[in-house]
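As a basis for the values below, the full set of heavy atoms in this structure was taken, side chains included, without hydrogen atoms, waters or symmetry mates.
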Amino acid sequence: MIERFLKQTSFSSIEDYNKSLEFVIPENFNFAYDVMDEWAKEKPEALAMLWTSDKGEERRFTFKDIKVQTDRTAAYFQSLGIGKGDPVMLILKRHYQWWLAMLAIHKLGAVAIPATHMLTKHDIVYRNNRASVKAIVCADDKYVTEQVLLAMDESPTVETLIGVGDNLPDGFHSWEKEWEGVPQFVRPRHVNTNEDIMLIYFTSGTSGEPKMVAHDYLYAMGHLTTGVFWHNLSEDSIHLTVADTGWGKAVWGKFYGQWFAGATVFVYDHEKFSADNIMRQIEKYHITSFCAPPTIYRFMIREDFSAYDLSSLRYCCTAGEALNPAVYDKFYELTGIRLMEGFGQTETTMTLGTMPWMTPKPGSMGMPNAQYDIDILKPDGTPCEDGEKGEIVVRVGDKKPIGLFKGYYRDEELTREAWHDGIYHTGDVAWRDEDGYYWFEGRIDDVIKSSGYRIGPFEVESALMTHPAVVECAITGVPDDIRGMVVKATVVLGKEWKERAGEELIKELQAHVKRETAPYKYPRIIEFVDELPKTISGKIRRVEIRDKDKK
């Protein structure tokens, strides 16, 4: 499959990859037709998706099944008036219908807007009106359907509500009851161009109202490198990425790139995260490849690994937030598997990563993905030398790279702020070592200036994470009359350490940080909490901690 879209399909080194990566771009590319339907022709009986749930359910979908069922879903949506260019919001949790709906929307040339099931009425109204949502497809979760219905009086563009499941309130079409009786799907004559909007994500930013990130149809192709190279997948792989379908990580890890590779996408539909349950799924279904945010690995390494048979695992990756070296080291000690870190944003596909032919450096994001021209710039716009901290940017020039967003939908001013003079500014701070590896420091707004020093939150968090008491932590700056700012640590303790929360443990943690990194970075303030505030995509909301401290 991938030979249709790449001039060279295998690489032996980062130098070879950087020199030889070149996409073959079809006219009017559509992932649903040009990849998934083609797999249905070439390998109809190969397993495309293995879906399980915490209720003990299990469903297996071959590529032929996916073709037949996405055609029927597209025909169903057509019968309800959904067509080219119509924005459709999907609030489907991890139900298998999300995959069918996404591909059906692509087949119609409509616009998919994945969303989390944790949205409130306010969130839904905001999204409906900002994007002119025409239809909402959601799970029969009581909370979700209640919030959707509450939003309708203030959502004039929404015409159709579609529900998945048996417990739907009045006002919803029933997918299960109506889906079977639709006519045969006929592919529309003109579905899309490469430049049309295919997908919109509302970013769960660390501050401000969510932005609408618009992606064109080539965004899907941009994830070929994510699945085939970073995840190192092939047709015999069974891959599990832990991600809510409302988060961009879902299309990173359980959709486009994995199916370019012809791998089996494994889905575990669960309500509440448990490291034990995830590890039991890996054991039971012989998962070969795994990807999760660092938070998941932090909880996994606290389990008793001798109680699980994880011998099927061959490859593991992580993204979403920077990986603390202590977590990398412990996971390697327990499994012998090196965690391959990647970096990107909702606005991009993977821009930096640790590829299979690279030796990972614990805590490093890896090197630039060859489909992007990446650099690090100082505040004055000049390039940083090795070792200097600056903002990660993408040099765009005259031709937008495959995978980079079109812009912030309906917000030209915001787009110009982030993308101007041929450069897209990520807002993330990093430095590059002498070998070309990039090391994350934090968001520009998160950098702490104390007594003339610039302190990146991640370097202090990494030091704290090496103490056995710390499960998670967030470093922020607190205003100080003498130093300008002082470092504060908000810490989640392990169960066995919570009884020790107090001044003695605070001093112990402070001394530990002084030993692990430069003493000026140690947290002068430490607060113990049960959990850290996070975005719906699982990223720590340091801005919320700062705002609370100001009050």
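A donor-acceptor pair is defined here as one N or O able to donate and one able to accept, closer than 3.5 Å; no such pair exists between the side chain of Asn129 and the backbone of Tyr126. The main-chain N or O of Lys121 is found under 3.5 Å from a side-chain atom of Gln147 such that the two form a donor-acceptor pair. In this structure, Ser234 contributes its side chain and Ala263 its backbone to no donor-acceptor pair below 3.5 Å. Here the side chain of Asp65 pairs a donor or acceptor atom with the backbone of Thr62 at under 3.5 angstrom. Of the possible donor and acceptor atoms, none in the side chain of Asp549 sits under 3.5 Å from a partner among the backbone N and O of Arg546. A donor-acceptor pair under 3.5 Å links the side-chain atoms of Ser53 to the main chain of Lys55, judged by distance alone. Checking side-chain atoms of Thr116 against main-chain N and O of Met118 turns up a donor-acceptor pair under 3.5 Å.
With hydrogens and angles left out, the side-chain atoms of Tyr372 and Thr349 include a donor and acceptor closer than 3.5 Å. Between the side chains of Ser132 and Arg410, a donor-acceptor pair is found at a separation under 3.5 Å. Of the N and O atoms on the side chains of Gln345 and Asp428, at least one donor lies less than 3.5 Å from an acceptor on the other residue. Under the 3.5 Å distance criterion, with hydrogens and angles disregarded, a donor-acceptor pair is assigned to the side chains of Thr70 and Lys107. A side-chain N or O of Asn369 and one of Thr225 form a donor-acceptor pair less than 3.5 Å apart. A donor-acceptor contact closer than 3.5 angstrom links the side chains of Glu347 and Tyr408. Between the side chains of Thr73 and Trp179, at least one donor N or O sits under 3.5 Å from an acceptor N or O.
When all heavy atoms of Tyr76 and Val182 are compared, the pair lying nearest together is CA-CG1, 3.6 Å. Residues Glu391 and Gly427 come closest through the heavy atom pair OE2-N, 2.7 Å. Across all their heavy atoms, Trp252 and Thr226 have their closest contact at O-CG2, 3.5 Å. Considering every non-hydrogen atom in both Ala250 and Asp244, the closest pair reads CB-O, 3.6 Å.
In this structure, CG on Asn30 lies 10.0 Å from CG on Asp196, to the nearest 0.5 angstrom. In this structure, the separation between CG on Leu339 and SG on Cys291 is 9.5 Å, given to the nearest 0.5 Å. In this structure, CE in Met221 is found 12.0 Å from CD1 in Ile2, a value given to the nearest 0.5 Å. Summarising the geometry, atom CZ belonging to Phe63 is positioned 10.5 Å from atom CE belonging to Met49; distances are rounded to the nearest 0.5 Å. Here the OG-NZ distance, from Ser155 to Lys134, works out to 15.5 Å after rounding to the nearest 0.5 Å. In this structure, CD1 on Ile374 lies 9.5 Å from CE on Met365, to the nearest 0.5 angstrom.
Below 30°, between 30° and 60°, or above 60°: for Phe5 and Phe260 the angle between ring planes is above 60°, a perpendicular geometry. Ring geometry for Tyr219 against His223 counts as perpendicular: the plane angle is over 60°, on a 0 to 90° scale with 30° as the lower cut. Using bins of under 30°, 30° to 60° and over 60° for the plane-to-plane angle, the ring pair Phe31/Phe29 lands in the perpendicular bin. The aromatic rings of Tyr256 and His106 sit parallel, their planes meeting at an angle under 30°, below the 60° perpendicular limit. Tyr96 and Phe61 have tilted rings, their planes meeting at an angle from 30° to 60° on a 0 to 90° scale.
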* Would you sort out whether His173 and Glu178 count as a side-chain hydrogen bond (donor to acceptor under 3.5 Å, both in side chains), showing the intermediate values? => CA-CA 8 Å; His173 289 273; Glu178 300 172 356; 3.2 Å; yes
* Give the C-alpha distance, both sets of side-chain angles, the deciding distance and a yes or no for salt bridge (Lys or Arg N to Asp or Glu O under 4.0 Å) between Asp269 and Arg94. => CA-CA 5 Å; Asp269 187 359; Arg94 293 177 176 87; 5.7 Å; no
* Going through the checks in order, is the ring-ring contact (aromatic ring centres under 6.0 Å, His included) test met by Phe266 and Tyr285? -> CA-CA 9 Å; Phe266 181 85; Tyr285 290 99; 5.1 Å; yes
* To do: For Phe185 and Phe77, run ring-ring contact (aromatic ring centres under 6.0 Å, His included): C-alpha distance rounded to whole Å, both residues' side-chain angles, the deciding distance at 0.1 Å, then the answer.
  => CA-CA 10 Å; Phe185 175 62; Phe77 288 171; over 10 Å; no
* Worked verdict on Val396 versus Ile423 for side-chain contact (heavy atoms from CB on, under 4.5 Å) -> CA-CA 5 Å; Val396 180; Ile423 293 175; over 6 Å; no
* Residues Phe290, Tyr315; criterion ring-ring contact (aromatic ring centres under 6.0 Å, His included); working and verdict -> CA-CA 6 Å; Phe290 181 68; Tyr315 212 78; over 10 Å; no
* Run the numbers on His270 and Asn277 for side-chain hydrogen bond (donor to acceptor under 3.5 Å, both in side chains), then give the verdict. => CA-CA 9 Å; His270 60 280; Asn277 287 342; over 6 Å; no
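Scanning for salt bridge (Lys or Arg N to Asp or Glu O under 4.0 Å) contacts around Lys41 gives Glu38, with sequence neighbours left out.
Within 6.0 Å of atom NZ in Lys284, 12 or fewer heavy atoms from other residues, nucleotides or ligands are found, so the atom counts as exposed in its surroundings. The neighbour count for Lys400 NZ, taken as heavy atoms of other residues, nucleotides or ligands under 6.0 Å away, is above 12. Counting non-hydrogen atoms of neighbouring residues, nucleotides and ligands closer than 6.0 angstrom, the CD atom of Glu58 exceeds 12 such neighbours. Within a 6.0 Å sphere centred on CD of Glu57, other residues, nucleotides and ligands contribute more than 12 heavy atoms. Counting heavy-atom neighbours within 6.0 Å of Gln184 CD, excluding the residue itself, gives a total of 12 or less.
Counting heavy atoms from C-beta outward, Ile66 and Leu103 have side chains that approach closer than 4.5 Å. You'll find the side chain of Glu180 reaches within 4.5 Å of the side chain of Arg72, heavy atoms only. Between Lys534 and Arg541 the shortest side-chain heavy-atom distance does not fall below 4.5 Å. With a 4.5 Å cut-off on side-chain heavy atoms, Leu47 and Arg60 count as touching. Under the 4.5 Å side-chain criterion, counting only non-hydrogen atoms from C-beta, Phe255 is in contact with Met102. Within the 4.5 Å cutoff, the side chain of Val164 has heavy atoms near those of the Glu176 side chain. Using a 4.5 Å heavy-atom threshold, the side chains of Pro457 and Arg542 count as touching. Residues Phe343 and Thr351 are in side-chain contact: their nearest non-hydrogen atoms beyond the backbone lie under 4.5 Å apart.
Salt bridge status for Lys406 with Glu195: absent, with no side-chain N to carboxylate O gap under 4.0 Å. Between Lys548 and Glu527 there is a salt bridge, since at least one side-chain N of the basic residue sits less than 4.0 Å from a carboxylate O of the acidic one.
A cation-pi geometry, defined here as NZ or CZ lying under 6.0 Å from the six-membered ring centre and within 45° of its normal, does not hold between Arg130 and Phe202.
For Trp247 and Tyr201, the ring centers sit 6.0 Å or farther from each other.
Just one of Ile162, Thr145, Thr160, Asn128 meets the side-chain contact (heavy atoms from CB on, under 4.5 Å) condition when paired with Ile136; it is Asn128.
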